[in-house]
Amino acid sequence: MKNDDFFLLIGSYCSKNDPGLFLLSLHDETLSAQIIDTFQGVENPSYLIGNDQKVYAILETECFDGKPGGGVASFYIEKNTIQLKTAMSTGSPGPCHLSIDDRHRFLFASNYLGGSLSMFSLTEDEKLLLCDQKQHCGHGSHPLRQEAPHVHCCVVS
């Protein structure tokens, strides 16, 4: 791989038995892409956030480890290989978005269907620890679409 090439990580909807993450090498000179690794073993790694080595994914599921709700996972990209470090429940259904604070100490999962925000501590040994969860309440003016709160996104300032 040349210095002007770069990587792209793609998440997708899939079962645990199918590849859901794809690591591609993008070649700037030839404008082509090549799959260099895939990862299977997690369900629906749909929203990704991270950097060159650490990546976090929302696991958009109805049930995680036998409990209602979705999950979040951390991955490490090393030597062109995707490695799962940890995965755990968000504690609420329908996770859809992730954000990280500027100092990379906390990861926030927006849980659309559950109407909550989950806060995880990012440990030095690559583990995620659920340290807080805020449940929103109420409803909007449109009874069919806004019967309950739906957290879409969290932006850390």
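All residue numbers refer to positions in the sequence shown, counting from 1.
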For this session: Show your working on side chain to side chain contact (heavy atoms under 4.5 Å, CB included) between Ile49 and Ile100 and close with a plain yes or no.
Result: CA-CA 8 Å; Ile49 189 170; Ile100 301 175; 4.2 Å; yes

Exercise. Taking only residues two or more places apart in sequence or in another chain, which ones pass side-chain contact (heavy atoms from CB on, under 4.5 Å) with Leu117?
Worked result: Phe108, Ser110, Cys154

Exercise. Sequence neighbours excluded, which residues qualify as side-chain contact (heavy atoms from CB on, under 4.5 Å) partners of Tyr112?
Worked result: Cys96, His150, His152

What distance do [X] atom [atom1] and [Y] atom [atom2] have between them, rounded to the nearest 0.5 Å?
X	Y	atom1	atom2	result
Leu84	Ser74	CG	OG	6.5 Å
Asp37	Gln83	CG	CD	9.0 Å
Ser118	Asp132	OG	CG	9.0 Å
Phe7	Leu23	CZ	CG	6.0 Å
Leu130	Ser89	CG	OG	8.0 Å
Thr90	Gln133	OG1	CD	7.0 Å

With sequence neighbours excluded, residues passing side chain to side chain donor-acceptor pair (under 3.5 Å) with [X]:
X	result
Ser121	none
Ser92	Ser116
Ser32	Thr30

Exercise. By salt bridge (Lys or Arg N to Asp or Glu O under 4.0 Å), which residues pair with Lys85, not counting sequence neighbours?
Worked result: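 Expected list: none.
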
Problem set entry | Residues that Asp18 engages under salt bridge (Lys or Arg N to Asp or Glu O under 4.0 Å), provided they are two or more places apart | none

Does any part of the side chain of [Y], heavy atoms only, come nearer than 4.5 Å to the side chain of [X], both counted from C-beta?
X	Y	value
His27	Gln34	yes
Val155	Cys153	yes
Cys14	Pro45	yes

Exercise. Tracing side-chain links under 4.5 Å among I, L, V, M, F, W and Y, which residues wind up in one group with Leu129?
Worked result: none

For this session: Evaluate side chain to side chain contact (heavy atoms under 4.5 Å, CB included) for Ile82 paired with Thr38, printing each intermediate quantity in order.
Result: CA-CA 7 Å; Ile82 306 166; Thr38 63; 5.8 Å; no

For this session: Check whether Phe22 and Phe6 end up in the same hydrophobic cluster, where Ile, Leu, Val, Met, Phe, Trp and Tyr are linked by side-chain heavy atoms less than 4.5 Å apart.
Result: yes

For residues 62-71, dump all side-chain donor-acceptor pairs below 3.5 Å to protein atoms at least two apart in sequence or in another chain.
none

Seminar exercise, completed: Tightest non-hydrogen contact, residues Leu24 and Ala33, listed as CD2-CB, 3.8 Å

What side-chain donor-acceptor pairs closer than 3.5 Å can you find for residues 53-60, not counting sequence neighbours?
| residue | atom | partner | partner atom | Å |
| --- | --- | --- | --- | --- |
| Gln53 | OE1 | Tyr76 | OH | 3.3 |
| Glu60 | OE1 | Tyr13 | OH | 3.0 |
| Glu60 | OE1 | Ser46 | OG | 2.7 |
| Glu60 | OE2 | Tyr13 | OH | 3.3 |

For this session: Begin from the C-alpha positions of Phe120 and Val72 and carry the test side chain to side chain contact (heavy atoms under 4.5 Å, CB included) through to its verdict.
Result: CA-CA 10 Å; Phe120 297 88; Val72 63; 3.6 Å; yes

Exercise. Among pairs that include at least one residue of residues 95-105, which meet side chain to side chain donor-acceptor pair (under 3.5 Å), considering only residues two or more places apart or in two chains?
Worked result: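 Qualifying pairs, neighbours excluded: Tyr47-His97.
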
Exercise. What's the verdict on side chain to side chain contact (heavy atoms under 4.5 Å, CB included) for Val151 and Asn111, showing C-alpha distance, side-chain angles and the deciding distance?
Worked result: CA-CA 6 Å; Val151 178; Asn111 300 298; 5.7 Å; no

